[in-house]
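Labels below follow one simple rule: chain letters A, B, ... track the order of the sequence lines, proteins then strands, and each chain is numbered from 1.
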Number of protein chains: 2
Amino acid sequence: MVNSRKILADHKVSITNPRIIVLEALLEIKSPITVDELLSQLRNKVAKSTLYRVLNDLKDINILHEFSTPANQTVVELILEDHPHHHHLFCSDCGEIIDVEMATEFENKLLKEIKRIERKFNFVIEDHRLELFGKCTDLCVNCK
Amino acid sequence: MVNSRKILADHKVSITNPRIIVLEALLEIKSPITVDELLSQLRNKVAKSTLYRVLNDLKDINILHEFSTPANQTVVELILEDHPHHHHLFCSDCGEIIDVEMATEFENKLLKEIKRIERKFNFVIEDHRLELFGKCTDLCVNCK
DNA sequence: ATAAAAATGAGACTTAATCTCATTTATTGT
DNA sequence: ACAATAAATGAGATTAAGTCTCATTTTTAT
């Protein structure tokens, strides 16, 4: 069982109520969520300014990823050991965001290609993100 | 020589001054630009509301891509025949955005992997985007 | 237990993007 | 080419995501 206090302690940030509340919410959700939704879920538990501050704190200690949907909604997602590097699939019909893991063989090919690009552009690439856009046919909760 | 009027006509949108002005600006730039920069470049040529409207029009006819930088700046880029599908490299030091083409062999592998994911998730994937994050060492104009 | 440092809440503030509506410009049919 | 109709524009008001301020509260270190 993952412990929010332990996560905070491990990353050497002070353990406060709002941080615990936000972390537990994200741990329970375990999938991408828009900041808006998170805000309304936690409306009467943490102040808006605090929520944004805590999200920034979690980004700073590298356990939170943030990205935008094609509809320009900001989405956050916890990245812990049990939920490592992956990519996203966006449904343009219902807005659903699905976590996708690439085949290991492909991910290796990608890393090789990235090395080529590092050399070519004299760049140090620290992270990459692959986004897939389309329409789900029967998987999404919202699409029918 | 690419002609902005022809582009508009080809896509069956009416030919207006603001659209020509915005298109010519984007054609000349030929690389990703933040909406902010574009706005200040065209400040006294098109109204702000019109610029946003024209950008949306260009997105609607699928010749403009829009994405966000890690610093949450909105960036647009013209996608025409002479500047086809490609990816982006973001420098976290200077903010520079660099167009990157993947090796054909790799892009094929990616398409194959995408097909696998389509089957697995029962999804129709229409577009994909790969973003690389890192630091440039000597290429960027701004970095030294 | 206490002092110093850090985080929080509430709401003001900023700013990118959208909206409104009166006016201007483009298109279509004759 | 011209009038009638439809579409697009400009200017500024409006909205809303995200940040900032600062007095108060909570956490941490001693």
What N/O pairs connect the protein and nucleotides 2-4 of chain C at under 3.5 Å? Give each pair on its own line.
none

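- As rounded to whole Å, 14 Å separates atom C1' of dT28(D) from atom CG of Leu8(A).
- Summary for the helix from dA1(C)-dT30(D) to dT30(C)-dA1(D): the axes at its two ends, each from 5 pairs, differ by 50° when rounded to the nearest 10 degrees.
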Sort me out a list of protein N/O and nucleotides 4-6 of chain D N/O pairs below 3.5 Å, or just none if empty.
none

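- Under the side-chain hydrogen bond (donor to acceptor under 3.5 Å, both in side chains) criterion, Lys6(B) pairs with Asp10(B), sequence neighbours left out.
- The hydrophobic side chain of Ile79(B) is isolated, with no ILVMFWY side chain under 4.5 Å apart from it.
- Within 4.0 Å (heavy atoms only), Asp57(A) reaches no atom of the nucleic acid at all.
- Within residues 36-55 of chain B, the residues having any heavy atom closer than 4.0 Å to DNA chain C are, in order of number, Asp36(B), Lys48(B), Ser49(B), Tyr52(B), Arg53(B).
- His65(A) meets the side-chain hydrogen bond (donor to acceptor under 3.5 Å, both in side chains) test with no other residue; sequence neighbours excluded.
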Q: Using the side chain to side chain donor-acceptor pair (under 3.5 Å) rule, take His86(A) and Glu77(A) through it: C-alpha gap first, then chi angles, then the decisive distance, then the call.
A: CA-CA 11 Å; His86(A) 60 272; Glu77(A) 179 177 45; 3.0 Å; yes
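- Under the side-chain hydrogen bond (donor to acceptor under 3.5 Å, both in side chains) criterion, Asn17(B) pairs with no residue, sequence neighbours left out.
- Rounded to whole angstrom, the span from the CG atom of Leu58(A) across to the P atom of dA7(C) amounts to 12 Å.
- Counting only residues at least two apart or on different chains, no salt bridge (Lys or Arg N to Asp or Glu O under 4.0 Å) pair has a member in residues 31-42 of chain B.
- In this structure, Glu101(A) and Glu107(A) have side chains that are not in contact, with every pair of non-hydrogen atoms separated by 4.5 Å or more.
- Residues from residues 10-20 of chain B that place a heavy atom under 4.0 Å from any atom of DNA chain D, listed by number: Ser14(B), Thr16(B), Pro18(B), Arg19(B).
- Annotation: side chain of Thr74(A) is in contact with side chain of Glu66(A) (closest heavy-atom distance under 4.5 Å).
- Heavy atoms from other residues, nucleotides or ligands lying under 6.0 Å from CZ of Arg5(A) number 12 at most.
- Under the side-chain contact (heavy atoms from CB on, under 4.5 Å) criterion, Ile21(A) pairs with Leu42(A), Lys45(A), sequence neighbours left out.
- Between Glu118(B) and Lys115(B) there is no salt bridge, since none of the side-chain N atoms of the basic residue sits less than 4.0 Å from a carboxylate O of the acidic one.
- The environment of CD in Glu28(A) is sparse: at most 12 heavy-atom neighbours from other residues, nucleotides or ligands sit within 6.0 Å.
- Residue Asn72(A) contributes atom CG, which lies 10 Å from atom C1' of dA16(C) at whole-angstrom precision.
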Q | Val22(A) vs Thr50(A), side chain to side chain contact (heavy atoms under 4.5 Å, CB included): CA-CA, chis, key distance, verdict | A | CA-CA 10 Å; Val22(A) 174; Thr50(A) 304; over 6 Å; no
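- Grouped with Ile97(B) in one hydrophobic cluster are Phe67(B), Val75(B), Phe90(B), Phe133(B), the linkage being side-chain heavy-atom contacts under 4.5 Å among Ile, Leu, Val, Met, Phe, Trp and Tyr residues.
- Residues Val54(A) and Val46(A) are not in side-chain contact: their nearest non-hydrogen atoms beyond the backbone lie 4.5 Å or more apart.
- The nearest whole Å value for the distance from the CG atom in Asn56(B) to the C1' atom in dA7(D) is 16 Å.
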